[in-house]
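Below is one structure; the comments refer to it alone.
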Amino acid sequence: MKICFSLLIVFFTLQVDAQKIIDFDQFIERTHQQNDTLYVVNFWATWCKPCIAEIPAFEKLNSELKSSPVKIILLSLDFKSQSSNVEAFINKNGIQSETALLSAGNPNSWIDKIDESWSGAIPATVYYRNSEKLEFHEGDYSEETLKNSINKLTQ
């Protein structure tokens with residue numbers, strides 16, 4: 001019984017940790033670090049078909065680049081009340097990239113802080129290194145285009 005209870009606690013802990021809810025300041029703190037890591041942040045949602053279609057490309061590159069200074073972060077823009085749907089999607093699809101749900105309030109208050117050209121449409125991807133935004137892309141990516149963008153920014 002003790003082992004079964006311990007396994008249940010471990011399973012529950014993994015499930016909770018699989019889906020973090022962060023605010024805008026936590027997002028900035030996570031991605032604006034003074035190091036040589038390239039942070040590739042993809043804004044997506046479970047209801048966005050182009051977002052879902054491109055996630056396998058991010059996942060494949062996340063796997064390929066594990067030993068390099070590249071960190072892929074999938075940042076869901078689903079409503080906080082839908083966090084269980086996001087968590088279920090992550091678990092069902094075996095997502096290994098770092099994930100979080102951004103609960104930052106009114107998007108009009110923070111979208112321009114990501115990039116002034118961003119209309120708010122998703123998917124969208126932003127790249128940071130050493131607290132500096134290097135590039136912003138609004139729209140979906142093919143695997144090849146995503147890989148080329150990352151390669152260009154890591155050379």
Side-chain angles (χ1 to χ4, degrees), residues 15-66 68-155:
Q15 295 299 310
V16 171
D17 288 345
Q19 181 52 50
K20 294 180 265 183
I21 298 175
I22 62 172
D23 63 24
F24 190 78
D25 290 337
Q26 291 168 313
F27 159 73
I28 294 298
E29 182 180 311
R30 176 68 183 108
T31 58
H32 288 63
Q33 297 184 33
Q34 289 296 325
N35 59 42
D36 288 333
T37 299
L38 176 67
Y39 293 91
V40 181
V41 182
N42 178 255
F43 296 91
W44 67 287
T46 57
W47 46 263
C48 170
K49 289 185 183 197
C51 300
I52 301 306
E54 73 176 1
I55 285 179
F58 283 93
E59 278 295 282
K60 182 175 180 186
L61 289 173
N62 179 61
S63 178
E64 291 175 4
L65 299 171
K66 272 209 185 294
S68 69
V70 174
K71 183 74 175 170
I72 292 178
I73 302 172
L74 302 176
L75 198 57
S76 170
L77 298 183
D78 285 90
F79 290 116
K80 187 176 178 181
S81 62
Q82 298 298 311
S83 65
S84 61
N85 291 350
V86 176
E87 184 175 345
F89 177 85
I90 291 166
N91 291 332
K92 177 184 173 188
N93 292 286
I95 304 295
Q96 297 298 307
S97 298
E98 181 178 335
T99 60
L101 188 147
L102 182 63
S103 181
N106 183 348
N108 293 325
S109 68
W110 56 265
I111 283 177
D112 284 349
K113 294 176 184 175
I114 303 295
D115 193 275
E116 290 182 6
S117 71
W118 189 12
S119 72
I122 55 174
T125 305
V126 62
Y127 301 82
Y128 298 103
R129 183 185 303 115
N130 288 318
S131 299
E132 180 185 346
K133 179 180 67 179
L134 302 177
E135 189 172 300
F136 174 79
H137 175 82
E138 184 172 2
D140 55 341
Y141 269 121
S142 69
E143 182 181 329
E144 181 180 348
T145 306
L146 176 60
K147 189 173 191 171
N148 289 340
S149 292
I150 291 172
N151 286 340
K152 176 182 79 174
L153 295 170
T154 55
Q155 294 180 13

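Numbers for residues simply follow the sequence, beginning at 1.
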| salt bridge (charged side-chain N to carboxylate O under 4.0 Å, His left out) with Lys147: which residues, sequence neighbours excluded? | Glu64

What heavy-atom pair brings [X] and [Y] nearest, and what distance separates the two atoms?
X	Y	result
Trp110	Gly105	NE1-O, 3.6 Å
Ile52	Ala45	CD1-O, 3.7 Å
Glu54	Asp140	OE1-CA, 3.1 Å
Asn35	Arg129	O-CG, 3.7 Å
Ile55	Leu74	CG2-CD1, 4.3 Å
Ile21	Lys80	CD1-CG, 4.0 Å

| request: Given side-chain contact (heavy atoms from CB on, under 4.5 Å), test Asp25 with Glu29 step by step and report yes or no. | output: CA-CA 6 Å; Asp25 290 337; Glu29 182 180 311; over 6 Å; no

| remark: Taken in chain and number order and not counting sequence neighbours, the residues that satisfy side chain to side chain contact (heavy atoms under 4.5 Å, CB included) with Ser131 are His32, Gln34

| Aromatic centroids of Phe58 and Trp44 separated by under 6.0 Å | no

| message | Surrounding NZ of Lys66 (heavy atoms of other residues, nucleotides or ligands, distance under 6.0 Å), is the total greater than 12? | response | yes

| query | How far apart are the C-alpha atoms of Leu102 and Ile22, what are their side-chain angles, what is the distance that settles it, and do they pass the side-chain contact (heavy atoms from CB on, under 4.5 Å) test? | reply | CA-CA 5 Å; Leu102 182 63; Ile22 62 172; 4.2 Å; yes

Spacing of [atom1] belonging to [X] relative to [atom2] belonging to [Y], to within rounding of 0.5 Å:
X	Y	atom1	atom2	answer
Asp36	Asn130	CG	CG	5.5 Å
Ile111	Asn106	CD1	CG	8.5 Å
Lys92	Asn85	NZ	CG	11.5 Å
Asp78	Ser103	CG	OG	11.5 Å
Phe27	Lys113	CZ	NZ	11.5 Å
Thr46	Leu77	OG1	CG	10.5 Å

| Parallel, tilted or perpendicular: rings of His137 and Tyr141 (30°, 60°) | parallel

| Going through the distances and angles, do Gln26 and Lys20 end up as a side-chain contact (heavy atoms from CB on, under 4.5 Å)? | CA-CA 11 Å; Gln26 291 168 313; Lys20 294 180 265 183; over 6 Å; no

| task | Classify the side-chain pair Glu59/Asn93 by whether it contains a donor and acceptor separated by less than 3.5 Å. | result | no

| Among side-chain atoms of Ser119 and Glu138, is any donor-acceptor pair under 3.5 angstrom? | yes

| message | Determine whether Val126 and Trp118 satisfy the following criterion, side-chain contact (heavy atoms from CB on, under 4.5 Å), listing intermediate values before the conclusion. | response | CA-CA 10 Å; Val126 62; Trp118 189 12; over 6 Å; no

| Candidates Ile72, Val70, Ile73 - the one meeting side-chain contact (heavy atoms from CB on, under 4.5 Å) with Tyr39 | Ile73

| task | Return the set of residues passing side chain to side chain donor-acceptor pair (under 3.5 Å) with Ser142 (not counting sequence neighbours), or none when no residue passes. | result |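 For Ser142 the side chain to side chain donor-acceptor pair (under 3.5 Å) partners, ignoring immediate neighbours, are Thr145.
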
